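Have a look at the structure below before the remarks.
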Amino acid sequence: MARHLITSALPYINGIKHLGNMVGSMLPADVYSRYLRQRGHDVLYICATDEHGTPAELAAKELGLPVDEFCAQAHDAQKAVYDGFALAFDYFGRSSSEQNVEITQHFARKLKENGFIEERAIRQVYSPTDGRFLPDRYVEGTCPHCGYDKARGDQCENCTRVLDPTDLIEPRSAISGSTDLEVRETKHLFLLQSKLQHEVEAWVTAHEHQWPQLASSIARKWLTEGLHDRAITRDLDWGVPVPADTWPELAAEGKVFYVWFDAPIEYIGATKEWSDQDPENRDWKSWWFDVDTDVRYTEFMAKDNVPFHTVMFPATELGVREPWKKVDVVKAFNWLTYYGGKFSTSQKRGVFTDQALEVLPADYWRYFLIANAPESDDSSFTWEHFTATVNKDLADTLGNFVNRVLSFSRKRFGDDVPAGAAAGEAEAKLGEEIARLLAEYEEHMEALQFRKAAAALRALWSAGNSYLEEKAPWLEIKTDQEAAALTLRTAMNLIHLYAVVSEPFIPTSAATMRGAFALENDTATWVTAEQARSLDAVPAGTPFTVPPVLFAKLTEDDLEAYKERFGGEAA
């Protein structure tokens, strides 16, 4: 089987992430990783907290904590939420790790050695009030492109345009709020992306056929506009230090690498963190170094991260002139909006992941988010849509099917799966339909088409309900107990099949469904087409239990309570 390396965009350290962040990176990566593992592939899913840059320093300052202590606490808090969402990372690291420092500095030395980093004097914003140079995110002001008055000096959150602090209108210090700013000369390191333009373009041309249009169009836009040399160091107290053996003057001044230089390298750094925990059995280089034909690498991210992963990081990897693994597939997502407006961490607008878990268990959110993933365009979260989806798909179509089949069978036939008659025409027809829908589900999962995969999964659940309505065992039992027993045995086999194939979407509920049957040696990881047709994984005589209700139906009172707590419209 193939080896699959999977990464999702690193969640930034300053605060718990919102649902838009979850569905745009980590959750689909987890769903895909789980699916591939079930199909027998060797999978390594790596993620980490992105801990460097000005927001970390500002957040720590606001809480009165040393920045390293703040990041350690925030990492643990985020990891707890992701555990709550059942995200099955193979490793969830930290970009402040020693491993990332080591590899980032190695990359920088190699880029300099190959002529792709140079030291330049630039004019930078200085705040006499704060007594320091202000890195890009320490400067706020009005975006010259869209007029957003809370734009940062590196990028406008509203229109996503990349900025320089000197581009901002009416700039102010993010530390003190002072508008008494000067522009002074200082030295920084620049990555000479302009010298790598043609190599990056050739690399994109060779790979973009595997990417969704969203990812390739964003990469092409940057390439068409031309790659510019970019400063990759900042004046901060927290970050990967510029190595003194290579740039002694800048190291003495306390320069650190720009977060967008070291953050993508942390995918490699986190893999080394994972490997260093068990070096006898884990080899990080086998996933990253000189493995282009052996490992298939898929990245998951929202569209604002695409330029850095399709242009900037590939330029870095190309420039080191070493055989580091480069991404094969960039699965990019549009925005999930909140009633048509943007989720916002900084403005606390929308539903955040810790709050979501306070409201309902993870499987409710996992299913809804993937079934409505913003793939081809933006999608909107509303409480009305969420409630309707939960009630229709989870509570009625899946949950009610499981409950009524098991409850009715126990009531009429006891605590073992009934035998009944041999399978007939209706069961053969059902088996063919299940096999067809399963193939459709697999096709969409392989193609990373998550909304279509969710629709195919929903259709699998619906097929069971259609079969049950057609056979009507509550009527059959009045005239033919053997026929009713066959229907219920077949439906129980559907429940087991649903447990196996639904696991990537709703792992906790899938485990509950599977655990309802006391099967010996139940080691099935997937369902073949032949097994789908035969529906005999749970034989007659197997003991079973009726689990608690899988999904509670949400009421109008629930809906009103959610809207009252979180707001029923965008700000």
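Quick caveat, the model's predicted, so the values are computed rather than measured. Count residues from 1 along the sequence.
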message: Checking Ser379 against Asn334 for the side chain to side chain contact (heavy atoms under 4.5 Å, CB included) test, could you report, in this order, the C-alpha distance in whole Å, the side-chain angles of both residues, the deciding distance, and whether it holds?
response: CA-CA 8 Å; Ser379 60; Asn334 287 282; over 6 Å; no
Nearest heavy atoms of [X] and [Y], plus distance in Å:
X	Y	answer
Ala426	Glu470	CB-OE2, 4.1 Å
Arg514	Val500	NH1-CG2, 3.6 Å
Ala516	Leu406	CB-CD1, 4.2 Å
Ala56	Tyr12	N-OH, 3.3 Å

Spell out, as yes or no, whether a donor-acceptor pair under 3.5 Å connects the side chain of [X] to the backbone of [Y].
X	Y	answer
Thr525	Gln38	yes
Asn493	Ala537	yes
Asn400	Ala395	no
Glu170	Gly141	no
Tyr498	Gly464	yes
Ser95	Ala263	no
Thr397	Lys392	yes
Lys553	Phe551	no
Gln155	Thr160	yes
Glu375	Phe450	yes

Are more than 12 heavy atoms, taken from residues, nucleotides or ligands other than [X], located less than 6.0 Å from that residue's [atom1] atom?
X	atom1	answer
Glu358	CD	yes
Arg161	CZ	no
Glu446	CD	yes
Lys303	NZ	yes

[X]-[Y] side chain donor-acceptor pair, cut-off 3.5 Å:
X	Y	answer
Glu273	Ser97	yes
Asp363	Ser509	yes
Tyr45	Ser8	yes
Thr555	Asp558	yes

Quick one: are the ring centres of [X] and [Y] less than 6.0 Å apart?
X	Y	answer
His41	Tyr35	no
Trp335	Phe333	no
Tyr367	Trp461	yes

Mind checking whether [X] and [Y] have side chains closer than 4.5 Å, heavy atoms only?
X	Y	answer
Pro307	Ile218	yes
Phe368	Leu394	no
Met22	Val351	no
Phe313	Val327	no
Trp238	His52	yes
Cys71	Thr49	no
Leu36	Ile6	yes
Phe92	Leu87	no

From [X] atom [atom1] to [Y] atom [atom2], the distance as rounded to the nearest 0.5 Å:
X	Y	atom1	atom2	value
His385	Asn372	NE2	CG	4.0 Å
Arg234	Leu134	CZ	CG	12.0 Å
Tyr138	Ile175	OH	CD1	5.0 Å

Any idea how [X] and [Y] line up, ring-wise: parallel (<30°), tilted (30 to 60°), or perpendicular (>60°)?
X	Y	value
Tyr441	Phe505	tilted
His309	Trp260	perpendicular
Phe517	Phe544	tilted

Salt bridge present between [X] and [Y] (N-O < 4.0 angstrom):
X	Y	result
Arg296	Asp328	no
Lys342	Asp378	no
Glu433	Lys429	no
Asp90	Arg37	yes
Glu503	Arg34	yes
Lys221	Glu225	yes
Glu440	Lys452	no
Arg152	Asp136	no
Arg366	Asp30	yes

Side chain to side chain contact (heavy atoms under 4.5 Å, CB included) evaluation trace for Gln355 with His18:
CA-CA 9 Å; Gln355 298 169 329; His18 54 68; over 6 Å; no
**Message:** Quick check on ring pair (Phe, Tyr, Trp, His ring centres under 6.0 Å): which of Tyr338, Tyr364, Tyr339, Trp365 does Phe386 satisfy it with?
**Reply:**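 Result: among Tyr338, Tyr364, Tyr339, Trp365, Trp365 is the only option passing the ring pair (Phe, Tyr, Trp, His ring centres under 6.0 Å) with Phe386.
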As a quick check of understanding, evaluate side chain to side chain contact (heavy atoms under 4.5 Å, CB included) for Asp522 and His496, giving each step before the final call.
CA-CA 10 Å; Asp522 184 13; His496 185 269; 3.0 Å; yes
